*Asks:* 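Have a look at this one before I ask anything.
Reckoned from all heavy atoms, side chains included, excluding hydrogens, waters and symmetry mates. All of these numbers come straight from a predicted model, not from anything done at the bench.
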Amino acid sequence: MRRENDKFHYMHVFHEVVNQGSFTKAADALDMTTSSVSKVVTQLEGSLGVKLLNRTTRHQSLTDSGRLYMAYAGQLLNQFKEMEQQVQNQDIEPTGDLRVAMPTALGQFFLTPSLHQFLKSYPKINIELILGESIVDVAAQGYDLAIQSVAPPNHSALYSTNIGAHRQKLVASPEYLSSREVISNPEQLRNLELLSYKGPQISDIWSFRRENEIAEINPTPVFTSNSYFTLLQSAKDGIGVANLYQYMVDGEISKGNLVELLPEWKQLSRDRYAIYQQRRDSSLKLDLFITFLASLFE
């Protein structure tokens, strides 16, 4: 009975014979004698019980069985090569540039407070972080990675991974709420001064759910801005009620600077997708950064 490593050797030699087009050239490439190469192919055919090559002193051609074996051999040898490269890369310190695009608020409030952890862990990865509200064309604009709220279409050549989701919370300062009646449902928000974000891909409708109840309001704000930072500061200053993402306000709530309104009424979560051009297993720095971003949602 042939050992498995013998079979792999046979496969490798046969693959080289076909690629080189002759036993002599294959022998040179493999640093073997021509007779040894011929013997391996004969042993392979004997172990399979089929003829793989039609060969004369001047010509060789694949049989139908040979073509089938060659196709599988190519796949297996490529997979083995990829496996070796990935294992070897585990010991290589990740290096290189990483150009990343993401929404401004997500970068400022969510990523920046933790980014130093990644940069200290991987000092040879150079990150260029571009913040903005427009949907970027990853390939055309030369980004390695973009974080967006919309996944690419199914026919896109880009890769995407859902790395997490965020909910919004209604918040106001304790001073603002102290002079107003406690509200118990979203409809009562119309009686308060509302602060609203205005920007691309953002709905004007505020939607809420409590168990089987659904409520929607179209707010009439006293103040709008395309800056989440400005809305957050305005809420802290007692101007009114702001509808902001949890990662912007959770720290302020824990400090007592803000109070959450209607906590039993949940808003729809907003998914975040990592969009990138190349497979993660072919870029260690890309894979590490996407994994790091996803960990921040946990």
Side-chain angles (χ1 to χ4, degrees), residues 102-118 129 131 133 147-149 162-199 201-272 292-298:
M102 67 171 53
T104 302
L106 194 70
Q108 291 177 335
F109 289 96
F110 184 67
L111 173 61
T112 298
S114 302
L115 184 57
H116 65 280
Q117 299 172 10
F118 184 86
L129 182 63
L131 303 181
E133 307 313 317
I147 307 303
Q148 300 175 355
S149 298
N162 188 322
I163 58 174
H166 286 128
R167 291 185 184 275
Q168 288 180 273
K169 292 182 177 181
L170 296 167
V171 293
S173 69
E175 292 75 19
Y176 175 84
L177 295 175
S178 65
S179 60
R180 288 161 178 82
E181 293 184 3
V182 176
I183 65 171
S184 58
N185 67 74
E187 283 296 325
Q188 293 175 290
L189 289 170
R190 302 181 192 278
N191 302 323
L192 302 176
E193 289 74 26
L194 303 181
L195 316 176
S196 181
Y197 179 82
K198 196 169 186 65
Q201 295 94 46
I202 300 297
S203 172
D204 292 331
I205 305 297
W206 292 1
S207 300
F208 303 87
R209 178 186 291 272
R210 182 178 66 179
E211 296 181 352
N212 295 326
E213 295 180 83
I214 296 176
E216 291 186 343
I217 69 166
N218 190 348
T220 304
V222 299
F223 177 57
T224 62
S225 176
N226 67 344
S227 166
Y228 280 112
F229 175 83
T230 300
L231 293 172
L232 175 63
Q233 189 61 49
S234 297
K236 290 168 62 177
D237 290 340
I239 304 301
V241 177
N243 195 20
L244 302 173
Y245 285 103
Q246 61 195 71
Y247 60 85
M248 303 175 186
V249 300
D250 282 348
E252 300 293 344
I253 293 173
S254 65
K255 294 175 185 176
N257 296 328
L258 291 174
V259 176
E260 182 180 3
L261 285 72
L262 303 176
E264 70 279 9
W265 288 87
K266 304 301 181 185
Q267 300 185 62
L268 294 177
S269 59
R270 192 173 194 193
D271 289 326
R272 302 292 187 180
F292 171 73
L293 284 174
S295 71
L296 299 181
F297 286 83
E298 297 174 354

*Asks:* Flag the pair L192 / L261 as yes when at least one side-chain heavy-atom distance between them is below 4.5 Å, and no otherwise.
*Replies:* yes
*Asks:* Could you tell me whether a side-chain N or O of Q168 sits under 3.5 Å from a main-chain N or O of N243, the two making a donor and an acceptor?
*Replies:* yes
*Asks:* Is it the case that more than 12 heavy atoms not belonging to F297 sit under 6.0 Å from its CZ atom?
*Replies:* yes
*Asks:* Would you give me the side-chain donor-acceptor pairs under 3.5 Å for residues 232-240, sequence neighbours excluded?
*Replies:*
residue, atom, partner, partner atom, Å
Q233, NE2, D237, OD1, 3.2
S234, OG, T230, O, 2.8
K236, NZ, E252, OE2, 3.3

*Asks:* Sequence neighbours left out, what passes ring-ring contact (aromatic ring centres under 6.0 Å, His included) with F208? Give chain and number order.
*Replies:* none
*Asks:* Measure across Q246 and R167 and return the closest heavy-atom pair with its distance rounded to 0.1 Å.
*Replies:* OE1-N, 2.7 Å
*Asks:* side-chain contact (heavy atoms from CB on, under 4.5 Å) between R209 and I214: does it pass, once the steps are laid out?
*Replies:* CA-CA 5 Å; R209 178 186 291 272; I214 296 176; 3.4 Å; yes
*Asks:* Supply the atom-to-atom distance I205 CD1 to L268 CG, rounded to the nearest 0.5 angstrom.
*Replies:* 12.5 Å
*Asks:* Which residues pass the salt bridge (charged side-chain N to carboxylate O under 4.0 Å, His left out) test with E216, sequence neighbours left out?
*Replies:* none
*Asks:* Can you tell if the side chain of L106 reaches within under 4.5 Å of the side chain of Y247, non-hydrogen atoms only?
*Replies:* yes
*Asks:* Can you name the closest pair of heavy atoms from E260 and V171 and give their distance?
*Replies:* CA-CG1, 4.3 Å
*Asks:* Identify the two heavy atoms, one from V259 and one from P174, that lie closest to each other, and give their separation to 0.1 Å.
*Replies:* CG2-CG, 4.0 Å
*Asks:* Taking the side chain as every heavy atom from C-beta outward, state whether P219 and L189 have any atom pair closer than 4.5 Å.
*Replies:* no
*Asks:* Mind listing the closest non-hydrogen atom pair of Y197 and S227 along with its distance?
*Replies:* CE1-N, 3.9 Å
*Asks:* What donor-acceptor contacts under 3.5 angstrom involve side-chain atoms of residues 108-115, with partners at least two apart or in another chain?
*Replies:*
residue, atom, partner, partner atom, Å
T112, OG1, G107, O, 2.6

*Asks:* Could you tell me if the side chain of H166 sits less than 4.5 Å from the side chain of M248, heavy atoms only?
*Replies:* no
*Asks:* Taking E133 for the side chain and T104 for the main chain, is one N or O donor matched with an acceptor at less than 3.5 Å?
*Replies:* yes
*Asks:* What's the shortest heavy-atom distance between S184 and E264, and which atoms?
*Replies:* O-OE2, 3.8 Å
*Asks:* Do L170 and Q267 have side-chain heavy atoms sitting under 4.5 Å apart?
*Replies:* yes
*Asks:* For the residue pair M102 and L131, establish whether any side-chain heavy-atom pair is separated by less than 4.5 Å.
*Replies:* yes
*Asks:* Which residues pass the salt bridge (charged side-chain N to carboxylate O under 4.0 Å, His left out) test with R210, sequence neighbours left out?
*Replies:* E213
*Asks:* Kindly write out the residues that satisfy salt bridge (charged side-chain N to carboxylate O under 4.0 Å, His left out) with D271, not counting sequence neighbours, or none if the list is empty.
*Replies:* none
*Asks:* Side-chain contact, heavy-atom cut-off 4.5 Å: Q117 with F292?
*Replies:* yes
*Asks:* Once rounded to the nearest 0.5 Å, what's the spacing between atom CG of N226 and atom CG of L231?
*Replies:* 9.0 Å
